[in-house]
> 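This is the structure, below, for whatever I ask next.
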Amino acid sequence: MHKKYKIAILPGDGIGPEVMQETYKIIKILQTKLCINIITSEYDIGGIAIEKHGTALPKKTLLGCKKSDAILLGSVGGPKWDTLPSKERPEIASLLPLRKYFNLFVNLRPAILYKKLNYLSPLKTNNIKNGFDILCIRELTGGIYFGKPSQEIHKENMHYAIDTAIYHKYEIKRIAKIAFKEALKRKCKVTSIDKANVLYTSKLWRKTINEISKKYPKVHLSHLYFDNAVMQIIKNPYQFDVILCPNLIGDVISDECGILTGSIGMLPSASFNIKNFGLYEPAGGTAPDIQGKNLANPIAQILSLSMLIKHSFKMNSISNLINLAIHKTLLKGFRTYDISNDKNFVTTEKMGNEIVKSFLEEL
Ligand code: IPM
Ligand code: MN
């Protein structure tokens, strides 16, 4: 009997279910043509879970995730739930607890612009002649996202709000090691981004990363302040290899790198813990404006599956084949709405089918 690979599938809200539908087509090929014993189980999360179960992260969903080998998530949230108090909003009440529960402190967000597709980027093509390949590594379970106290306070004649940024040294050390190790597999360059001229958490961040870097003499380390970094990335993206960021800074930087590839509809992400248990999801959101219109780009979701296959199932060559199939489909000229500059765009479904076709050609 082949080894079983269990994936918990959480389509969520907005375009999540539509792009997941196309991803199932690739899973089907893995099961039928490549005979990989993948078992999928679907669970509710986010707004849909609030409607159906009264909570954004039902116990059944959490249990399903615990029993699986990896989690594949669509996206959560939408205007329907925007009026809920902040802590009950689908994304806050499901994504953040999931990250914390499984201790998913590593977040990899690759932003790749292929040479032949560089016209998709909003940047002038002469700045990015050869494309770029940046791996944003975001610390995901610390910093200002999770520090306590974090609340709005209204008492007597005072009304204020507070968030707390905390970084423990061990949290910085473990993410730094991941960044240096990833850099060794690539161009051996790490750029760490912080605000060490102002923030104490950043001063400790920089000091700790400098210490860890001594164990990785082959990797070239540099530091940039956050404000300067956002400029440098636009001015000269190809100078970067691995970009390492604290939680909030990484949220911003990964979106910036993302849009420079043309569309956040093409960006996958992987989050995992020390045991390599992972959650994989597109870096973009629920895109409520195009929900249900068969316009969404399924590439980010399919690339998230590809990252799952690589990091959780350790099947590098199959993951590469999926990536290749996507690249080939783009080179054949197929474009969804978000990456098309004319009216000749294809639907979500057609894009999914074309990727399947290219994938089958690779096998
Ligand atoms: C992301 C998202 C989340 C974050 C939100 C939805 C809480 O923007 O995954 O980048 O800020 O981490
Ligand atoms: Mn974000």
Side-chain angles (χ1 to χ4, degrees), residues 10-16 19-20 45-50 55-57 61 65 71-111 134-147 150-151 163-167 171 175 193 226 229-230 233 243-261 263-273 278-289 291 297 300-301 303-304 307-308 338:
L10 283 39
D13 309 312
I15 57 167
V19 291
M20 197 63 87
I45 193 166
I48 179 105
I50 297 183
T55 162
L57 183 62
T61 302
C65 292
I71 307 168
L72 185 64
L73 192 132
S75 49
V76 290
K80 208 167 163 186
W81 304 284
D82 275 353
T83 49
L84 286 176
S86 152
K87 296 218 153 118
E88 289 168 35
R89 288 169 65 110
E91 59 276 38
I92 306 299
S94 64
L95 277 186
L96 300 187
L98 256 188
R99 289 173 185 170
K100 202 67 185 174
Y101 184 85
F102 289 106
N103 228 328
L104 307 172
F105 71 95
V106 189
N107 183 218
L108 304 184
R109 296 188 170 185
I134 300 174
L135 176 62
C136 290
I137 302 188
R138 171 184 176 194
E139 197 290 326
L140 202 60
T141 51
I144 201 160
Y145 267 58
F146 291 97
S150 168
Q151 64 192 121
D163 292 294
T164 307
I166 301 184
Y167 262 117
E171 294 178 299
I175 194 74
I193 303 185
F226 186 23
V230 289
I233 289 171
I243 296 185
L244 170 62
C245 310
N247 204 343
L248 179 61
I249 293 180
D251 184 38
V252 178
I253 293 286
S254 60
D255 268 20
E256 185 189 12
C257 292
I259 197 62
L260 298 186
T261 67
S263 164
I264 50 171
M266 298 205 286
L267 289 166
S269 84
S271 311
F272 39 90
N273 62 24
L279 178 151
Y280 302 82
E281 60 178 322
T286 49
D289 51 324
Q291 171 186 356
N297 191 338
Q301 191 73 63
L303 284 174
S304 299
M307 288 190 93
L308 183 158
D338 55 322

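When a ligand or atom number is given, it counts from 1 through the structure's own listing order.
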> What distance do Glu91 atom CD and Leu96 atom CG have between them, rounded to the nearest 0.5 Å?
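So the gap between those two atoms works out to 8.5 Å.
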> For distances below 2.8 Å, what is the count of protein N, O or S atoms around the Mn ion (ligand 2)?
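The number of such protein atoms is 1.
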> Do Asn273 side-chain atoms and Asn103 backbone N/O form a donor-acceptor pair below 3.5 Å?
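Not confirmed, Asn273 side chain does not pair with Asn103 backbone.
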> Return the set of residues passing side chain to side chain donor-acceptor pair (under 3.5 Å) with Arg99 (not counting sequence neighbours), or none when no residue passes.
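None.
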> State the CG-CG distance between Leu140 and Leu279, to the nearest 0.5 angstrom.
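Separation between the atoms: 9.0 Å.
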> So what's ligand 1 close to, N/O to N/O, under 3.5 Å?
| residue | atom | partner | partner atom | Å |
| --- | --- | --- | --- | --- |
| ligand 1 | 8 (O) | Asp251 | OD1 | 3.4 |
| ligand 1 | 9 (O) | Arg99 | NH2 | 2.7 |
| ligand 1 | 9 (O) | Arg109 | NH2 | 2.9 |
| ligand 1 | 10 (O) | Arg109 | NH1 | 3.1 |
| ligand 1 | 10 (O) | Arg109 | NH2 | 3.1 |
| ligand 1 | 10 (O) | Arg138 | NH1 | 3.3 |
| ligand 1 | 10 (O) | Asp251 | OD1 | 2.9 |
| ligand 1 | 11 (O) | Tyr145 | OH | 2.5 |
| ligand 1 | 12 (O) | Arg99 | NH1 | 2.8 |
| ligand 1 | 12 (O) | Arg138 | NH1 | 3.2 |
| ligand 1 | 12 (O) | Arg138 | NH2 | 2.9 |

> Going by the rule side chain to side chain donor-acceptor pair (under 3.5 Å), which residues pair with Lys100 if we only count those two or more places apart in sequence or in a different chain?
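Partners of Lys100 by the side chain to side chain donor-acceptor pair (under 3.5 Å) criterion come out as none, since no residue qualifies.
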> Roughly how far, to the nearest 0.5 Å, is CD1 of Ile45 from CG of Asp13?
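Atom-to-atom, Asp13:CG and Ile45:CD1 are 9.0 Å apart.
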> Working to the nearest 0.5 Å, report the span between CG of Leu267 and CZ of Arg109.
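Here the rounded value is 9.0 Å.
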> By the definition side-chain contact (heavy atoms from CB on, under 4.5 Å), identify the one residue from Leu303, Leu308, Leu108 that meets it with Pro268.
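With Pro268 as partner, side-chain contact (heavy atoms from CB on, under 4.5 Å) holds for just one option, Leu303.
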> State the CG-OG distance between Asn107 and Ser254, to the nearest 0.5 angstrom.
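Answer for the CG-OG pair, Asn107 versus Ser254, is 7.0 Å.
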